[in-house]
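Below is one structure, written out as structure tokens; the observations come after it.
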Amino acid sequence: MKYPIGIQSFENIRTGGYVYVDKTAQIYQMADKGKYYFLSRPRRFGKSLLVSTMEAYFLGQKELFEGLAMGRLETEWKTYPVLHLDLNARNYENVDSLYAELGKHLSVWEGKYGLEVHPSLAPEERFFNVIQRAYEKTGSQVVVLVDEYDKPLLSTIGNKCLHDAYRNLIKAFFGVLKSQDQYIRFAFLTGVSRFSHVSIFSDLNNLEDISMDVEYADLCGISEDELQLYFGEGIKQLAAAYGENDEDICRILKRQYDGYHFCENSIGVYNPFSLLNAFKKRKISDYWFKTGTPTFLVKLLQDNHYELKGLKGMYVDESSLASVDENHEDPIPVLFQSGYLTISGYDAEMGYRLDFPNQEVERGFFDFLLPLYASINKSETKGFLNRLTAAVRQGKSDDLLRTIQTMLSGKNYLLAGGDKEVHFQNTLYLIFVMLGYNVQVEQATSQGRMDVTIQTKDYVYIIELKLDKSAEEALQQIKDNHYDRPFQTDHRKLFLIGVNFSSDTRTAEKWLIEERNYK
């Protein structure tokens, strides 16, 4: 079985004998029912292949669809002029970058349809002329396919001047679609993010956003049924490589790569990039995360002083997920649309419940954040975590605190100003979460919330953390609120630990430890 990793051309996949998960029935439905569509999906989720498949369909390449749903559904196979714009192939460093990228495509289209090139005209004027000329020359309405429309916008988060210039240019460019409606058969735009319709697509108010429509929930990605239908051979080979049976390896794959839900009560889908790599290499690893995490996500979290522990299990309304605000004051819609958070439940009163979709994303996300919050080198992280793990496993609570002290000592991990307590809490949260044990942060009790509890088969650690106060006060809080009460019938050794961190020394200033054994 051949896996099309990195191949985004529908024609190459079909002629090259690669496995293809058939999404053509949904493409036919879209073309039959509507005209203007927008879809938001995370990176490496199959958007470019979807656009390429649409292009082949509208170009009338019937032979490529033999054996697929489209081959049975389509009977006319009309050919249309297709304008395919991919904005992913450039680094956007200045205003000229976007002008140059648009100009490159416009020049090709102008040459194809016999238009005289007028570089002095604005891009939207040239686009207007191209659509009209393509219709006049072919006698058929035009199909417009746009891949990664938001690459210039995402590249300039944090650079307001350049971001605004790109936004205004993109808004004017795509506004042409409405003014040229009579010449257009179909238009499909895709990207990672949904910037507000007011700011980008206000002139294209007939654009149908299907990003959270249940009937298109698996338009990109791989469903459980598709996994079983198309990848039986890959499942068997992967199971053999791990010495597991097919059912067990499927459970592992589900925990690792499944869990993306783009609307309430929808089926979950697997990350296709990671799944294909796992089958090809016969190894389960964090493939999607290794391709890079946008640093702008970290900047959004830090600039907005977001409490990381609030990411898991939070509730938001649909409007919070529908679009990215232009001021970037809320990182949640960006995290959702980028694939780092997904819908894990829905309550009519509380809204959408968000969580990490799977183990690859949760582990990779925290692993990526820890060096940036703690200001340690990436190469140091594993060593520190190994020392922390050994201390927790062996019941050496003093070693645990000394390692954290060393880890943070002398590092400028506390930001200046009123946000330093949140940054302090986020840094420690990341450290404890990355230990990999049963770690709970702010666990509720009848008397209050414990800052951190860590449980192993032999030990329980109850840790209260203070900033610029005292270790004595932290330990006393554990006692006064009886945080140890749930463990008084437990056979494990219990450690009560009060810790004070100093914003002046930027590390653990003092800690007090008391042991309990209720055997």
Side-chain angles (χ1 to χ4, degrees), residues 4-6 8 21 23 26 37-52 86-88 146-155 157 188-195 209-214 216-223 226-227 253-254 256-263 266-278 285-298 300-301 311 316 320-324 328 330-344 352 354-369:
I5 297 171
Q8 301 172 344
V21 177
K23 305 288 186 178
Q26 291 167 295
Y37 293 96
F38 172 77
L39 177 70
S40 166
R41 284 296 181 266
R43 61 188 173 85
R44 293 190 174 275
F45 235 79
K47 299 189 298 295
S48 295
L49 175 58
L50 177 65
V51 169
S52 178
D86 184 357
L87 293 181
N88 195 44
V146 182
D147 194 10
E148 305 291 0
Y149 90 97
D150 57 343
K151 174 70 179 294
L153 300 172
L154 292 176
S155 299
I157 288 180
F188 181 77
L189 292 80
T190 185
V192 170
S193 61
R194 289 180 283 169
F195 284 89
D209 186 349
I210 60 172
S211 303
M212 296 181 69
D213 285 7
V214 66
Y216 297 113
D218 62 341
L219 183 57
C220 290
I222 297 172
S223 69
E226 290 168 339
L227 173 67
L253 288 172
K254 191 173 188 67
Q256 182 75 4
Y257 303 129
D258 192 17
Y260 292 90
H261 297 266
F262 300 106
C263 55
S266 71
I267 62 173
V269 293
Y270 288 78
N271 182 314
F273 181 77
S274 290
L275 198 61
L276 292 174
N277 271 281
S285 186
D286 297 342
Y287 296 105
W288 182 73
F289 227 94
K290 289 177 181 177
T291 62
T293 299
T295 55
F296 74 82
L297 288 176
V298 181
L300 282 179
L301 289 168
L311 292 177
V316 298
S320 298
L321 302 179
S323 64
V324 177
H328 312 118
D330 187 0
I332 298 306
V334 182
L335 289 168
F336 171 69
Q337 294 166 24
S338 300
Y340 297 93
L341 293 176
T342 195
I343 295 171
S344 63
Y352 294 94
L354 301 183
D355 207 335
F356 296 100
N358 50 50
Q359 289 182 352
E360 176 185 20
V361 175
E362 182 171 6
R363 180 176 56 248
F365 187 71
F366 287 136
D367 183 58
F368 180 81
L369 289 182

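Residue numbers start at 1 and run along the sequence shown.
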Are Leu276 and Tyr287 close enough, and set up right, to give a side-chain contact (heavy atoms from CB on, under 4.5 Å), and what steps lead you there? CA-CA 9 Å; Leu276 292 174; Tyr287 296 105; over 6 Å; no
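- In this structure the side chain of Asp213 never reaches within 4.5 angstrom of the side chain of Leu219, judged on heavy atoms.
- Judged by distance alone, with hydrogens and angles left aside, the side-chain atoms of Ser211 form a donor-acceptor pair with the main-chain N or O of Ser40 at under 3.5 Å.
- Atom-to-atom distance recorded for Cys263:SG and Tyr352:OH is 7.5 Å, nearest 0.5 angstrom.
- Counting only heavy atoms from C-beta outward, the side chains of Leu227 and Lys254 never approach each other to under 4.5 Å.
- Rounding to the nearest 0.5 Å gives a distance of 8.5 Å between CG of Asn277 and CZ of Arg44.
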Audit row: Asp147, Asn88, side-chain contact (heavy atoms from CB on, under 4.5 Å) steps and yes/no: CA-CA 7 Å; Asp147 194 10; Asn88 195 44; 5.8 Å; no
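- Annotation: the span from Leu253 atom CG to Ile222 atom CD1 amounts to 10.5 Å, rounded to 0.5 Å.
- The CZ atom of Phe38 sits 6.0 Å away from atom CG of Asp209, with the distance rounded to the nearest 0.5 Å.
- Inter-residue side-chain proximity for Arg41 and Leu50 is flagged as unmet; no heavy-atom pair is nearer than 4.5 Å.
- For Ser52 (side chain) and Ser48 (main-chain N/O), no donor-acceptor pair under 3.5 Å exists by modelled atom type.
- Of the possible donor and acceptor atoms, one in the side chain of His261 sits under 3.5 Å from a partner among the backbone N and O of Ser266.
- In terms of heavy atoms, Leu39 sits closest to Cys220 at CD2-SG, 4.0 Å.
- Pairing each heavy atom of Pro272 with each of Gly221, the nearest pair is CD-CA, 3.9 Å.
- The side-chain heavy atoms of Phe45 and Asn271, taken from C-beta on, include a pair separated by under 4.5 Å.
- Counting heavy atoms from C-beta outward, Glu360 and Asp286 have side chains that approach closer than 4.5 Å.
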Please report the C-alpha distance between Lys23 and Asp218 in whole Å, then the side-chain angles of each, then the deciding distance to 0.1 Å, and finally whether the side-chain contact (heavy atoms from CB on, under 4.5 Å) criterion is met. CA-CA 9 Å; Lys23 305 288 186 178; Asp218 62 341; 4.2 Å; yes
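- In terms of heavy atoms, Phe188 sits closest to Thr190 at CE2-CB, 3.9 Å.
- The distance from the CG atom of Leu301 to the CG atom of Leu369 is 6.5 Å, given to the nearest 0.5 Å.
- At least one side-chain heavy atom of Trp288 sits under 4.5 Å from a side-chain heavy atom of Arg43.
- Taking 4.5 Å as the limit, some side-chain heavy atom of Leu321 sits within range of a side-chain heavy atom of Val316.
- Contact record, Ile332 with Leu311: CD1-CD2, 3.7 Å, taken as the closest heavy-atom pair.
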Please report the C-alpha distance between Thr342 and Asp355 in whole Å, then the side-chain angles of each, then the deciding distance to 0.1 Å, and finally whether the side-chain contact (heavy atoms from CB on, under 4.5 Å) criterion is met. CA-CA 6 Å; Thr342 195; Asp355 207 335; 5.6 Å; no
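- When side chains are defined from C-beta on, Asn358 does not count as touching Asp258, because their heavy atoms never get closer than 4.5 Å.
- Checked against a 6.0 Å centroid threshold, the rings of Tyr340 and Phe289 count as neighbours.
- Of all non-hydrogen atoms in Tyr260 and Pro357, the two that sit nearest each other are CE2-CG, 3.6 Å.
- Side-chain atoms of Tyr149 come within 3.5 Å of backbone atoms of Ser193 as a donor-acceptor pair (strictly under, hydrogens ignored).
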